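I have placed the structure first, in the form of structure tokens, so that the comments after it can refer back to it.
As the structure is a prediction and not an experimental result, all values here were calculated from the model. Throughout, a chain's letter reflects where its sequence line sits, starting with A, and its residues are numbered from 1.
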Number of protein chains: 2
Amino acid sequence: MTHDTESTPDLTRNQALVFGALSGAEGPLSAYTILDQLRDDGLRAPLQVYRALDKLVEFGLVHRLESLNAFVACNHPAGDAPGESHGTVAFAICEECGGVTEFAEQDVVKRLQGWARTEGFHATSTVIELRGLCESCAPA
Amino acid sequence: MTHDTESTPDLTRNQALVFGALSGAEGPLSAYTILDQLRDDGLRAPLQVYRALDKLVEFGLVHRLESLNAFVACNHPAGDAPGESHGTVAFAICEECGGVTEFAEQDVVKRLQGWARTEGFHATSTVIELRGLCESCAPA
DNA sequence: TGATGAAATGTTATGTCATAACGTTTGAGG
DNA sequence: CCTCAAACGTTATGACATAACATTTCATCA
């Protein structure tokens, strides 16, 4: 144990390898793409990657993009305290360059929570993903 | 041609079969579940279902739930003119009973559009899905 | 009427994403 | 040291989706 008030937990070897692959990537990666990149590091089966991904998502270090069946390293743009990190975030996914922008729109989340409250729906997770073209890739 | 100002287009046989299966279902169905239900009607291959689904989604009669890899018949709760039907809608998916509630929160959409505008992101589609427990299934 | 072209269809094969089930290894704490 | 939970390794299988190619349907129009 590396002592640890409540920050990022120690990663196991496989978790570190998978997180490294995602951190170094320009965009989202599928589990099988990650596996291919890590063959030389000893990973051999999809399950090794999926198990690491499950944990990394649980730790909040990685996000799963539902509309892509792929994963990205978390990159929320600024101040988050160690204890309680982020809540719901949204993603803008460029279909041209593959780039993903993570953002938090508190008003959006509040509105959705409001709807849920009035309907008695108890949300455990929320998916918000925009698909389209980023500024660089959009036609002039 | 059944003349047609700009309402729902005529469906082909396969499209009608698939739409019928989704309309009759209590919750979302996967393409393969639909296929199984339509074997007796002559459907034999996944592609027949996927092609029909593509069209139905294009027509706005069916929605794809990204976080479930499944499909539901559209059921937006009220007034929509024939010409321009709905824009972005959101879904609340109960993980206990499988029920799906479709809803439109215009403020949420506006906020996301606002973010996109300021970032220069040109969204072509938007996914909003809440996962959790519906009122009936939530613990007392 | 009958040529024609776009859309839909039928079929086989394959690609991609994800987990079940089993046994083994690792390592912190008693 | 023992023990137990967590992580790991491996094989097999399940679930979701599309490529490629041949054929049929049917509204349009010369």
Item to check | Whole-Å distance separating the CG atom of Leu35(A) from the C1' atom of dG9(D) | outcome: 13 Å
For nucleotides 17-19 of chain C, which of its nitrogen or oxygen atoms have a protein nitrogen or oxygen under 3.5 Å away, and what is each distance?
{"unit_1": "dA18(C)", "atom_1": "OP1", "unit_2": "Arg64(A)", "atom_2": "NH1", "d": "2.9"}
{"unit_1": "dA18(C)", "atom_1": "OP1", "unit_2": "Arg64(A)", "atom_2": "NH2", "d": "2.3"}
{"unit_1": "dA18(C)", "atom_1": "OP2", "unit_2": "Tyr50(A)", "atom_2": "OH", "d": "3.0"}
{"unit_1": "dA18(C)", "atom_1": "O5'", "unit_2": "Tyr50(A)", "atom_2": "OH", "d": "3.4"}
{"unit_1": "dA18(C)", "atom_1": "N7", "unit_2": "Tyr32(A)", "atom_2": "OH", "d": "2.7"}
{"unit_1": "dA18(C)", "atom_1": "N6", "unit_2": "Tyr32(A)", "atom_2": "OH", "d": "3.0"}

Item to check | same_hphob_cluster(Trp115(B), Leu133(A)) at 4.5 Å side-chain heavy-atom cutoff | outcome: no
Checklist entry - Taking CD from Glu58(A) and P from dA6(D), how many angstroms apart are they, rounded to a whole number? => result 10 Å
Checklist entry - Between Leu43(A) (CG) and dG9(D) (C1'), how many Å, whole number? => result 10 Å
Item to check | Same cluster (ILVMFWY, side-chain, under 4.5 Å), Val109(B) and Val127(A) | outcome: no
Checklist entry - Relative to each other, are the rings of Tyr50(B) and Phe71(B) parallel, tilted or perpendicular (30° and 60° limits)? => result perpendicular
Checklist entry - Taking DNA chain D as the partner, which of residues 13-27 of chain B come within under 4.0 angstrom of it by heavy atom? => result none
Item to check | side-chain contact (heavy atoms from CB on, under 4.5 Å) assessment of Val72(B) paired with Val62(B) | outcome: CA-CA 6 Å; Val72(B) 281; Val62(B) 164; over 6 Å; no
Checklist entry - Is Thr12(A) near enough to dA6(D) that one of its side-chain N or O atoms lies under 4.0 angstrom from OP1 or OP2? => result no
Checklist outcome for this item: The complete set of salt bridge (Lys or Arg N to Asp or Glu O under 4.0 Å) pairs with one or both residues in residues 33-49 of chain A, sequence neighbours excluded, reads Asp36(A)-Arg39(A)
Item to check | Distance in angstrom units between Asp10(A) CG and dA28(C) C1', rounded | outcome: 12 Å
Item to check | Audit row: Arg117(B), Glu119(B), salt bridge (Lys or Arg N to Asp or Glu O under 4.0 Å) steps and yes/no | outcome: CA-CA 5 Å; Arg117(B) 190 171 337 99; Glu119(B) 296 289 321; over 6 Å; no
Next on the checklist: Output the rounded distance in Å from CZ (Arg39(A)) to C1' (dG9(D)).
Outcome noted: 14 Å
Item to check | Whole-Å distance separating the CG atom of Leu38(A) from the C1' atom of dG9(D) | outcome: 15 Å
Item to check | More than 12 heavy atoms of other groups within 6.0 Å of Glu135(B) CD | outcome: no
Checklist entry - What does Arg44(A) touch in the nucleic acid at a heavy-atom separation under 4.0 angstrom: a base, only the sugar-phosphate, or nothing? => result sugar-phosphate
Item to check | No-hydrogen, no-angle side-chain donor-acceptor test under 3.5 Å, Thr126(B) and Arg131(A) | outcome: no
Next on the checklist: Without decimals, in angstroms, what is the distance between Leu53(A) CG and dA7(D) C1'?
Outcome noted: 15 Å
Checklist entry - What do you reckon, is CD of Glu58(B) surrounded by more than 12 foreign heavy atoms closer than 6.0 Å? => result yes
Checklist entry - How many Å lie between CD on Gln48(B) and C1' on dT24(D), as a whole number? => result 13 Å
